[in-house]
Amino acid sequence: MLLRATICAAFFFQVAPILAREARGHVSVVLLGATGDLAKKYLWQGLFQLYLDEVSHGHTFTFHGGAQSEPEQGRKLMYERLKDLACPPDVAPDRCAVVKDQFLRLTEYHRLKTEQDYAALDREIRTVLTQEGLEEAGRIFYLSVPPFAYVDIARHINSSCRPPAGAWLRVVLEKPFGHDLKSGQDLADELKAVFQEEEIYRVDHYLGKQAVAHILPFRDQNRQHLKPIWNRHHVERVEIVLKETVDVKNRTSFYEEYGVIRDVLQNHLTEVLMLLAMELPENISNTEDVLRSKLQTFASLRSLEKSSAVIGQYEAYNSHVREELQKGPDYFSSTPTFAGVLVQLDSLRWEGVPFILTSGKVLDERVGYVRVLFKNRAYCVQRETAQDPELSQCNPKQLVFHIGQGELNSPAVLVSRNLFKPAMPRGSWKEVHDRPDLRLFGQPLSDYYVYVPSVERDAYSTLISRIYHGQKDVFITTDNLLASWGFWTPLLASWASESPRLYPGGRENGPLLDFEVVGGEVRFVTKEAVEVMMTARGEQAPGEYKTIQSRFRQSQLVTAWSEELIGRLASDIEAAAAGAIRRSGAFHWALSGGSSPLALFKQLAWHHYSFPWKQTHVWLVDERCVPLADPESNFGNLHEHLLRHVRVPYFNVHPMPVHLHQRLCVEEDRGPELYAREIAALVANSSLDLVLLGVGPDGHTASLFPHAAVGLEGGEPDVVFTESPIKPHQRMTFSLDLINKAKRVAVLVLGRGKHDIVTVVSRAGHEPQKWPISGVKPSSGQLAWYVDYEALLG
Ligand SMILES: *[C@@H]1O[C@H](CO)[C@@H](O)[C@H](O)[C@H]1NC(C)=O
Ligand SMILES: *[C@@H]1O[C@H](CO)[C@@H](O)[C@H](O)[C@H]1NC(C)=O
Ligand SMILES: *[C@@H]1O[C@H](CO)[C@@H](O)[C@H](O)[C@H]1NC(C)=O
Ligand SMILES: *[C@@H]1O[C@H](CO)[C@@H](O)[C@H](O)[C@H]1NC(C)=O
């Protein structure tokens, strides 16, 4: 400490005389979480930038990094983080080296864990100031720590580390600020007990991004252009978008609690929405007026309904969660990683204009932007007029605040040339004409006036500078925060245990996440996807199978790990049998070959003692043209694995007549006709109670292969001969017609090997020639898919 003070003293001695003329006192900056990721990536650099900008303007500084580690280790870690501090290109290398050296000498590590630690820091600050004869101007505490630590730290600061009267205190907090209205309110109350509202700086780093920070000034400086068109008569829609390509691997313990709506929409995108939608105060430098206008805009937001949003989850997310949070195989997360939300305002200005907020992980590109698309009624008859971007009234008219990344890879403001030439502040923004052919939002860049910042600045350094200058307008006040939570909480609640649409990620998403606004609701454009739905956790009765129910191809989907899935299917079959027997005295069940049903047979044979075998008729969906005793025979397998273990009456078993007149599957023996007649004789309307099917990797089902000559179209015999591409080639099978007459059809799909076909089929339309399984659609019966996780998720 003594040594430290001496170093400081040496520095102040040199600098103090220079400052004496305009000395404005000393500022202590305390960074909590000094060894963390955010500190490493942005905060130390932001503080260094602050020092660089301000050191010659009157204040003296010291910087204090705080963390839980013991001094020795913490200091080492912290200086690791400080190694890479850099100056912007406009600072001469000599000056940079000098200032960096000064900065490092003014920076010290402290263990800040207990009340005593904070008291010690306070004593140290006071002692040094006394020794140097400096007035204290204020203290900044930047809390880059998990939110559960806020309250304790806040109390310690209040009781042991407040600056003396006359000096200011600014406490900076990072999101999350709660996870719903209630917790946001609780946290706000805790902070209010120890700090004044003006002492609290809640950071939304998005507000420090240059394009976002310029929205209000842009509206202000272009009032005369925007006044007539900034309303529902002229704005078609507004898109506020933050797309990311990264996943949340290694961060699931945070993400699983929050999800994309809490992580991005409730804060960043909502704040941007406010800047666009609020009534513009006369004086945008007046923080109170801006805040008042913002709160009025919150009040005019129409409440969100469940149908205001579409949500998705990238497919690998659940396995990341299971792995990192040590969840069992039955854990299925409903946390969204993608959301598209329609926000509407009940105000004269915006009535009926859709504001669309979109964000997601593992999308095709990383980009953030705001796009205001204006209505365009003109239709240009002559080609020439369409070619002059400044005159053409038929080209799109849009205003874009490009926040970052994307193809432009820079913050920018774009204004269609057929709108107006905007006023931009000279010095801080410059017009550019690079890459005229690059197409953005349907137009080449040459169709826009394009402006980029003269110097790109990181959001955190902008915000740190604002904190230092006490400019509160870019921080989230308590009222603002609670208004936002109040708006989002009902939507979060209504989606809490609902199914996100699963998406594969990246370019493979294709149109899967595209959504449309229809009649005040949003919905995905493509309907044929897997939508896994949670059975609400905790609602399961003991002993019930932990399966998940949802929709697949607009029919029921049951999914689980294969063992649980088989258990569930066996129970459903038993229930179907009981129902059929109650109705008609018998249960007519048709089974397919293949390996998937073997586990089901075992389950039925060994665990379902009460199964009504006596009234059950067993039919075959398809058969290979081999003798029944052949190991390839479906019937042989069925006999081996099921029939010989249960007490089905002999005359209730109906093998397919593939072997007639001592020959296999000969047309003139009319085997298919015989079987169809037998079914018609015993089963009313040939409507079987249950048909159990599988799916082949090529999309075949029963022995109906892609492009089969018969069996796939309507109006055909109930039972037909087909050809298989694999041996044995000759088959006898139910046609789609017969299958679709059934009262119930269950499709069982197991194993990773089926993932590709499941994915394809989930999106395919009715294309039986291409994917025979897509032709399964009972005309008046029910269809249920039993797909295990491996097949569903890969
Ligand atoms: C804040 O600090 C003051 C002064 O030490 C103390 O009187 C007050 O109780 C503290 N407030 C809380 C909520 O701890
Ligand atoms: C995740 O954490 C592990 C172990 O800490 C590390 O090796 C890996 O690089 C991290 N992966 C990502 C994507 O950050
Ligand atoms: C706008 O508000 C700021 C902050 O309150 C004030 O300093 C400034 O004088 C005001 N400008 C005008 C034109 O009223
Ligand atoms: C058989 O079909 C007829 C006509 O479609 C229908 O009225 C009748 O209810 C059906 N019978 C059974 C048992 O499904």
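Treat the numbers as computed from the prediction; the structure is a model and nothing was measured. When a ligand or atom number is given, it counts from 1 through the structure's own listing order. Below, each value reflects all heavy atoms present in this structure, side chains not excepted, and no hydrogens, waters or symmetry copies.
Of the N and O atoms on the side chains of Thr478 and Glu197, at least one donor lies less than 3.5 Å from an acceptor on the other residue. A donor-acceptor contact closer than 3.5 angstrom links the side chains of Glu115 and Ser160.
When distances from atom 2 (O) of ligand 1 to the protein are checked, a heavy atom turns up under 4.0 Å. Counting protein heavy atoms under 4.0 angstrom from atom 7 (O) of ligand 3 gives zero.
In summary, the atoms of ligand 1 found under 4.0 Å from a heavy atom of Val194, numbered by their order in the structure, are 11 (N), 12 (C), 13 (C), 14 (O). Residue-ligand proximity, Ala193 to ligand 1, at heavy-atom distances under 4.0 Å covers atoms 13 (C).
Ring centers of Phe63 and Phe61: under 6.0 Å apart, within the cut-off.
Take Asp180 and apply the salt bridge (charged side-chain N to carboxylate O under 4.0 Å, His left out) test, not counting sequence neighbours, and it matches no residue. Applying the ring-ring contact (aromatic ring centres under 6.0 Å, His included) test to Trp488 and every residue at least two apart in sequence or in another chain returns nothing.
Regarding atom 4 (C) of ligand 1, its nearest protein heavy-atom neighbour is Asn158 O, 4.5 Å. Nearest protein heavy-atom neighbour of atom 5 (O) of ligand 1: Ser159 CA, 3.9 Å. Of the protein's non-hydrogen atoms, the one nearest atom 11 (N) of ligand 3 is Asn283 ND2, 2.8 Å.
In this pair, His402 and Phe441 present their aromatic rings perpendicular. The plane angle is above 60°, beyond the 30 to 60° band.
The N/O atoms of Ser285, backbone and side chain alike, include none that comes under 3.5 Å of an N/O atom in ligand 3.
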